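What follows is a set of notes on a single structure, which appears directly below.
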Amino acid sequence: MYDSTCKFIATQYSRQLATWLLGKPMDLTEVKPSELSLEPIRADTVIFLESEDTALHIEFQTDPKDDIPYRMLDYAVRLYRHYQQKDIYQVVIYLRKSSLPLVRQNSYQRGKTQHQFEVIRLWETPSELLLQTPGLFPFAILTQTENRENLLRQIGQRIEQINDSREQSNLAASTAILAGLVLNKDIIQRLLREDIMKESVIYQDILAEGRQAGRREGRQEGKQEEGVNLVLRQLNRRLGGVLPQLSLKIQSLSVEQLENLGEALLDFESTADLEQWLENYV
(Lines give C-alpha, C1' and ligand atoms only; values in the text may rest on other atoms or scores of the structure.)
Protein backbone atom coordinates (compact mmCIF):
# COMPACT_ATOMS: atom_id res chain seq x y z
CA MET A 1 0.00 0.00 0.00
CA TYR A 2 2.79 2.45 0.89
CA ASP A 3 4.81 1.44 -2.17
CA SER A 4 1.93 1.95 -4.60
CA THR A 5 1.09 5.30 -2.99
CA CYS A 6 4.68 6.54 -3.32
CA LYS A 7 4.83 5.37 -6.92
CA PHE A 8 1.57 7.16 -7.71
CA ILE A 9 2.89 10.43 -6.25
CA ALA A 10 6.25 10.11 -8.01
CA THR A 11 4.72 9.53 -11.44
CA GLN A 12 1.84 12.01 -11.13
CA TYR A 13 3.98 14.80 -9.68
CA SER A 14 7.34 13.97 -11.25
CA ARG A 15 8.14 17.61 -12.12
CA GLN A 16 7.66 18.68 -8.49
CA LEU A 17 9.64 15.65 -7.33
CA ALA A 18 12.50 16.61 -9.65
CA THR A 19 12.56 20.13 -8.23
CA TRP A 20 12.91 18.70 -4.73
CA LEU A 21 15.46 15.98 -5.50
CA LEU A 22 17.43 17.47 -8.39
CA GLY A 23 17.11 21.15 -7.56
CA LYS A 24 15.45 22.16 -10.81
CA PRO A 25 12.08 21.57 -12.49
CA MET A 26 12.18 19.17 -15.41
CA ASP A 27 9.72 17.01 -17.26
CA LEU A 28 10.23 13.38 -16.33
CA THR A 29 8.65 10.31 -17.87
CA GLU A 30 8.43 6.87 -16.32
CA VAL A 31 10.79 4.15 -17.49
CA LYS A 32 9.31 0.66 -17.58
CA PRO A 33 11.44 -1.74 -15.50
CA SER A 34 11.43 -4.28 -18.34
CA GLU A 35 13.65 -1.95 -20.38
CA LEU A 36 16.42 -2.37 -17.84
CA SER A 37 15.92 -5.98 -16.83
CA LEU A 38 18.48 -8.71 -16.95
CA GLU A 39 17.09 -10.10 -13.72
CA PRO A 40 13.57 -9.28 -12.46
CA ILE A 41 13.23 -5.85 -10.83
CA ARG A 42 11.16 -5.40 -7.71
CA ALA A 43 8.79 -3.01 -9.44
CA ASP A 44 6.76 -2.43 -6.28
CA THR A 45 9.56 -0.44 -4.64
CA VAL A 46 11.57 0.88 -7.59
CA ILE A 47 10.77 3.93 -9.68
CA PHE A 48 12.73 5.02 -12.75
CA LEU A 49 12.14 8.42 -14.36
CA GLU A 50 14.01 10.13 -17.18
CA SER A 51 14.41 13.49 -18.87
CA GLU A 52 16.49 14.39 -21.92
CA ASP A 53 19.75 14.40 -19.99
CA THR A 54 19.01 12.72 -16.64
CA ALA A 55 17.86 9.33 -15.36
CA LEU A 56 16.40 9.32 -11.86
CA HIS A 57 16.14 6.15 -9.80
CA ILE A 58 14.14 6.33 -6.56
CA GLU A 59 13.69 3.66 -3.90
CA PHE A 60 11.00 4.37 -1.34
CA GLN A 61 11.59 2.22 1.73
CA THR A 62 9.39 1.97 4.79
CA ASP A 63 12.16 0.19 6.70
CA PRO A 64 15.85 -0.45 5.90
CA LYS A 65 16.94 -3.69 4.25
CA ASP A 66 20.41 -5.22 4.14
CA ASP A 67 20.45 -5.56 0.35
CA ILE A 68 19.69 -1.92 -0.50
CA PRO A 69 23.33 -0.84 -1.16
CA TYR A 70 23.92 -3.76 -3.54
CA ARG A 71 20.61 -3.15 -5.31
CA MET A 72 21.56 0.47 -5.90
CA LEU A 73 24.80 -0.67 -7.54
CA ASP A 74 22.95 -3.27 -9.59
CA TYR A 75 20.40 -0.76 -10.89
CA ALA A 76 23.12 1.84 -11.52
CA VAL A 77 24.95 -0.55 -13.84
CA ARG A 78 21.75 -1.20 -15.77
CA LEU A 79 21.06 2.52 -16.04
CA TYR A 80 24.59 3.32 -17.23
CA ARG A 81 24.34 0.57 -19.84
CA HIS A 82 20.97 1.83 -21.09
CA TYR A 83 21.66 5.58 -20.81
CA GLN A 84 25.32 6.03 -21.64
CA GLN A 85 24.98 9.76 -22.32
CA LYS A 86 22.79 10.70 -19.35
CA ASP A 87 23.54 11.72 -15.79
CA ILE A 88 22.37 9.09 -13.33
CA TYR A 89 20.91 10.16 -10.00
CA GLN A 90 19.91 7.62 -7.37
CA VAL A 91 18.20 8.21 -4.05
CA VAL A 92 16.76 6.03 -1.30
CA ILE A 93 13.95 7.73 0.61
CA TYR A 94 13.21 6.22 4.01
CA LEU A 95 9.67 6.83 5.21
CA ARG A 96 9.54 5.57 8.78
CA LYS A 97 11.92 6.72 11.50
CA SER A 98 14.61 4.21 12.36
CA SER A 99 17.75 4.24 14.47
CA LEU A 100 19.35 1.38 12.54
CA PRO A 101 22.74 2.25 10.96
CA LEU A 102 21.45 1.03 7.58
CA VAL A 103 19.36 4.19 7.10
CA ARG A 104 22.61 6.20 7.02
CA GLN A 105 24.45 3.93 4.62
CA ASN A 106 24.84 5.65 1.26
CA SER A 107 27.45 3.51 -0.42
CA TYR A 108 28.30 -0.02 -1.49
CA GLN A 109 31.84 -1.33 -1.26
CA ARG A 110 33.28 -4.75 -1.96
CA GLY A 111 36.93 -5.20 -2.85
CA LYS A 112 37.78 -2.42 -5.27
CA THR A 113 34.19 -1.86 -6.29
CA GLN A 114 32.65 1.28 -4.82
CA HIS A 115 29.34 2.97 -5.50
CA GLN A 116 27.56 5.90 -3.86
CA PHE A 117 23.96 7.08 -3.84
CA GLU A 118 21.87 9.65 -1.98
CA VAL A 119 19.80 8.89 1.12
CA ILE A 120 16.91 10.96 2.47
CA ARG A 121 15.47 10.29 5.91
CA LEU A 122 12.13 12.08 5.84
CA TRP A 123 11.95 12.44 9.62
CA GLU A 124 15.07 14.62 9.44
CA THR A 125 13.76 16.74 6.55
CA PRO A 126 12.28 20.17 7.50
CA SER A 127 8.51 20.22 6.92
CA GLU A 128 8.66 23.61 5.20
CA LEU A 129 10.54 22.14 2.24
CA LEU A 130 7.61 19.92 1.28
CA LEU A 131 4.73 22.11 2.42
CA GLN A 132 5.52 24.53 -0.40
CA THR A 133 4.60 22.01 -3.10
CA PRO A 134 1.16 20.32 -3.35
CA GLY A 135 2.51 17.16 -4.97
CA LEU A 136 4.76 16.59 -1.96
CA PHE A 137 2.09 17.17 0.72
CA PRO A 138 1.71 13.41 1.36
CA PHE A 139 5.41 13.11 2.23
CA ALA A 140 5.29 16.19 4.44
CA ILE A 141 3.44 14.33 7.20
CA LEU A 142 6.55 12.16 7.68
CA THR A 143 8.97 15.09 7.98
CA GLN A 144 10.57 16.75 10.98
CA THR A 145 8.05 18.31 13.39
CA GLU A 146 7.39 18.82 17.07
CA ASN A 147 3.64 18.32 16.65
CA ARG A 148 2.65 15.64 14.13
CA GLU A 149 -1.09 16.16 14.62
CA ASN A 150 -0.83 19.90 13.99
CA LEU A 151 1.26 19.23 10.89
CA LEU A 152 -1.47 16.98 9.48
CA ARG A 153 -4.02 19.71 10.21
CA GLN A 154 -1.92 22.17 8.19
CA ILE A 155 -1.63 19.73 5.30
CA GLY A 156 -5.37 19.07 5.36
CA GLN A 157 -6.12 22.79 5.23
CA ARG A 158 -3.78 23.28 2.28
CA ILE A 159 -5.31 20.35 0.44
CA GLU A 160 -8.80 21.80 0.87
CA GLN A 161 -7.62 25.00 -0.81
CA ILE A 162 -6.78 23.12 -4.03
CA ASN A 163 -9.36 23.94 -6.72
CA ASP A 164 -9.02 20.79 -8.83
CA SER A 165 -11.26 18.21 -7.11
CA ARG A 166 -9.45 15.19 -8.56
CA GLU A 167 -6.04 16.47 -7.44
CA GLN A 168 -7.51 17.37 -4.07
CA SER A 169 -8.93 13.88 -3.51
CA ASN A 170 -5.78 12.09 -4.68
CA LEU A 171 -3.53 14.13 -2.38
CA ALA A 172 -5.88 13.70 0.58
CA ALA A 173 -6.00 9.93 0.16
CA SER A 174 -2.23 9.64 -0.38
CA THR A 175 -1.59 11.77 2.71
CA ALA A 176 -3.97 9.63 4.78
CA ILE A 177 -2.20 6.44 3.75
CA LEU A 178 1.31 7.69 4.57
CA ALA A 179 0.06 9.32 7.77
CA GLY A 180 -0.78 5.82 8.94
CA LEU A 181 2.95 5.32 9.53
CA VAL A 182 3.04 7.98 12.25
CA LEU A 183 -0.53 8.67 13.47
CA ASN A 184 -3.46 6.58 14.58
CA LYS A 185 -6.55 6.13 12.44
CA ASP A 186 -8.85 8.28 14.58
CA ILE A 187 -6.66 11.37 14.26
CA ILE A 188 -6.31 10.91 10.50
CA GLN A 189 -10.06 10.55 10.01
CA ARG A 190 -10.73 13.60 12.14
CA LEU A 191 -8.31 15.86 10.26
CA LEU A 192 -8.74 14.66 6.67
CA ARG A 193 -12.18 14.69 5.08
CA GLU A 194 -13.21 11.21 3.98
CA ASP A 195 -15.73 12.55 1.47
CA ILE A 196 -12.85 14.11 -0.47
CA MET A 197 -10.70 10.97 -0.33
CA LYS A 198 -13.45 8.68 -1.66
CA GLU A 199 -13.14 10.22 -5.13
CA SER A 200 -9.42 9.50 -5.42
CA VAL A 201 -7.72 6.92 -7.63
CA ILE A 202 -5.74 5.65 -4.64
CA TYR A 203 -8.87 5.19 -2.51
CA GLN A 204 -10.63 3.26 -5.29
CA ASP A 205 -7.57 1.05 -5.78
CA ILE A 206 -7.53 0.21 -2.06
CA LEU A 207 -11.22 -0.70 -2.15
CA ALA A 208 -10.63 -2.89 -5.21
CA GLU A 209 -7.69 -4.64 -3.52
CA GLY A 210 -9.83 -5.20 -0.44
CA ARG A 211 -12.61 -6.77 -2.50
CA GLN A 212 -10.13 -9.04 -4.28
CA ALA A 213 -8.55 -10.09 -0.98
CA GLY A 214 -12.02 -10.83 0.40
CA ARG A 215 -12.87 -12.99 -2.59
CA ARG A 216 -9.55 -14.86 -2.29
CA GLU A 217 -10.13 -15.42 1.41
CA GLY A 218 -13.66 -16.61 0.72
CA ARG A 219 -12.44 -19.09 -1.88
CA GLN A 220 -9.79 -20.36 0.52
CA GLU A 221 -12.35 -20.80 3.30
CA GLY A 222 -14.62 -22.62 0.87
CA LYS A 223 -11.82 -25.01 -0.11
CA GLN A 224 -11.00 -25.65 3.55
CA GLU A 225 -14.63 -26.40 4.44
CA GLU A 226 -14.98 -28.67 1.44
CA GLY A 227 -11.79 -30.49 2.44
CA VAL A 228 -12.99 -31.00 6.01
CA ASN A 229 -16.28 -32.51 4.82
CA LEU A 230 -14.51 -34.82 2.39
CA VAL A 231 -11.98 -36.06 4.95
CA LEU A 232 -14.65 -36.64 7.62
CA ARG A 233 -16.74 -38.67 5.17
CA GLN A 234 -13.71 -40.78 4.28
CA LEU A 235 -12.83 -41.31 7.94
CA ASN A 236 -16.40 -42.24 8.86
CA ARG A 237 -16.42 -44.79 6.06
CA ARG A 238 -13.03 -46.22 7.03
CA LEU A 239 -13.20 -46.10 10.84
CA GLY A 240 -16.94 -46.20 11.41
CA GLY A 241 -17.03 -42.78 13.04
CA VAL A 242 -14.84 -39.94 14.38
CA LEU A 243 -14.76 -38.82 18.00
CA PRO A 244 -16.04 -35.21 18.51
CA GLN A 245 -12.70 -33.99 19.91
CA LEU A 246 -10.87 -35.39 16.87
CA SER A 247 -13.44 -33.87 14.52
CA LEU A 248 -12.76 -30.44 16.05
CA LYS A 249 -9.03 -30.85 15.42
CA ILE A 250 -9.68 -31.83 11.81
CA GLN A 251 -11.87 -28.75 11.29
CA SER A 252 -8.90 -26.56 12.30
CA LEU A 253 -6.55 -28.05 9.67
CA SER A 254 -5.32 -26.03 6.71
CA VAL A 255 -6.10 -27.05 3.14
CA GLU A 256 -2.59 -28.50 2.76
CA GLN A 257 -2.90 -30.49 6.01
CA LEU A 258 -6.29 -31.81 4.93
CA GLU A 259 -4.79 -32.99 1.64
CA ASN A 260 -2.03 -34.81 3.55
CA LEU A 261 -4.56 -36.39 5.90
CA GLY A 262 -6.67 -37.48 2.92
CA GLU A 263 -3.69 -39.48 1.65
CA ALA A 264 -2.62 -40.82 5.05
CA LEU A 265 -6.06 -42.07 6.11
CA LEU A 266 -5.97 -44.74 3.40
CA ASP A 267 -3.58 -46.64 5.68
CA PHE A 268 -5.53 -46.10 8.94
CA GLU A 269 -6.86 -49.22 10.63
CA SER A 270 -8.19 -47.69 13.86
CA THR A 271 -8.95 -44.42 15.63
CA ALA A 272 -5.54 -44.72 17.27
CA ASP A 273 -3.91 -44.23 13.86
CA LEU A 274 -5.88 -41.00 13.37
CA GLU A 275 -4.95 -39.78 16.85
CA GLN A 276 -1.28 -40.54 16.20
CA TRP A 277 -1.34 -38.70 12.85
CA LEU A 278 -2.95 -35.63 14.38
CA GLU A 279 -0.43 -35.62 17.23
CA ASN A 280 2.50 -35.79 14.83
CA TYR A 281 1.32 -33.35 12.16
CA VAL A 282 -0.77 -30.73 13.95
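If you read the sequence from its start, that first residue is 1, and numbering goes on from there. Reckoned from all heavy atoms, side chains included, excluding hydrogens, waters and symmetry mates. None of these values were measured; they are calculated from a predicted model.
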**OP:** May I ask you to list the residues sharing a hydrophobic cluster with Val103, side-chain cutoff 4.5 Å, ordered by chain and number?
**Re:** Ile68, Met72, Val92, Tyr94, Phe117, Val119, Trp123
Subject >> Whichever hydrophobic residues join Leu102 through chains of side-chain contacts under 4.5 Å >> reply: none
Considering only heavy atoms from C-beta outward, does the side chain of [X] approach that of [Y] to under 4.5 Å?
X      : Y      : answer
Lys7   : Ile47  : yes
Leu152 : Thr175 : yes
Gln61  : Leu95  : no
Ile58  : Leu17  : yes

**OP:** Would you indicate whether Asp53, at its atom CG, is surrounded by more than 12 heavy atoms from other residues, nucleotides or ligands within a distance under 6.0 Å?
**Re:** yes
Original post:
Should we say atom NZ of Lys97 is surrounded by more than 12 heavy atoms from elsewhere, each under 6.0 Å from it?
Top reply: no
Enumerate donor-acceptor pairs with a distance under 3.5 Å from any side-chain N or O in residues 106-114 to protein atoms, sequence neighbours excluded.
none

Subject >> Where at least one partner belongs to residues 154-189, residue pairs that pass ring-ring contact (aromatic ring centres under 6.0 Å, His included), sequence neighbours excluded >> reply: none
**OP:** Would you list the pairs meeting ring-ring contact (aromatic ring centres under 6.0 Å, His included) in which at least one residue belongs to residues 128-160, sequence neighbours left out?
**Re:** Phe60-Phe139
**OP:** Return each pair, listed once, that meets side-chain hydrogen bond (donor to acceptor under 3.5 Å, both in side chains) where at least one residue sits in residues 8-23; pairs must be two or more places apart or across chains.
**Re:** Arg15-Asp27
Subject >> Residue pairs fulfilling side-chain hydrogen bond (donor to acceptor under 3.5 Å, both in side chains) with at least one residue in residues 134-150, sequence neighbours excluded >> reply: Ser127-Thr143, Glu149-Arg190, Asn150-Arg153
Output side-chain donor-acceptor pairs under 3.5 Å for residues 230-243, partner residues at least two apart or in another chain, one line each.
residue, atom, partner, partner atom, Å
Asn236, OD1, Val242, N, 3.4
Asn236, ND2, Leu232, O, 3.1
Arg238, NE, Leu265, O, 3.1
Arg238, NE, Leu266, O, 3.4
Arg238, NE, Phe268, O, 2.7
Arg238, NH2, Leu266, O, 2.8
Arg238, NH2, Phe268, O, 3.4

[atom1] of [X] to [atom2] of [Y]: how many Å apart, nearest 0.5 Å?
X      : Y      : atom1 : atom2 : result
Leu122 : Leu130 : CG    : CG    : 7.0 Å
Thr125 : Leu142 : OG1   : CG    : 10.0 Å
Leu73  : Asp67  : CG    : CG    : 12.0 Å

Subject >> Ile9/Leu178 under side-chain contact (heavy atoms from CB on, under 4.5 Å): CA gap, chis, key distance, verdict >> reply: CA-CA 11 Å; Ile9 298 167; Leu178 295 183; 4.2 Å; yes
Subject >> Test side-chain hydrogen bond (donor to acceptor under 3.5 Å, both in side chains) applied to Gln90 and Gln116, Glu118, His115, the passing residue >> reply: His115
**OP:** Just jot down the side-chain contact (heavy atoms from CB on, under 4.5 Å) partners of Leu100, sequence neighbours excluded, or say none.
**Re:** Pro64, Ser98
Original post:
Among Leu56, Leu28, Val31, whose side chain to side chain contact (heavy atoms under 4.5 Å, CB included) with Phe48 holds?
Top reply: Val31
**OP:** Report yes or no: do Leu183 and Leu151 belong to one cluster of Ile/Leu/Val/Met/Phe/Trp/Tyr joined by side chain heavy-atom distances under 4.5 Å?
**Re:** yes
Original post:
Is Ile141 reachable from Leu192 through a run of I, L, V, M, F, W or Y residues, each pair having side-chain heavy atoms under 4.5 Å apart?
Top reply: yes
**OP:** Would you kindly say whether Asp3 and Thr5 are connected by a side-chain donor-acceptor distance under 3.5 Å?
**Re:** no
Original post:
Would you call Lys249-Glu275 a salt bridge at under 4.0 Å N-O?
Top reply: no
Going by side-chain hydrogen bond (donor to acceptor under 3.5 Å, both in side chains), name the residues that satisfy it together with [X], two or more places apart in sequence or in a different chain.
X      : answer
Ser270 : none
Thr62  : none
Asp63  : Arg96

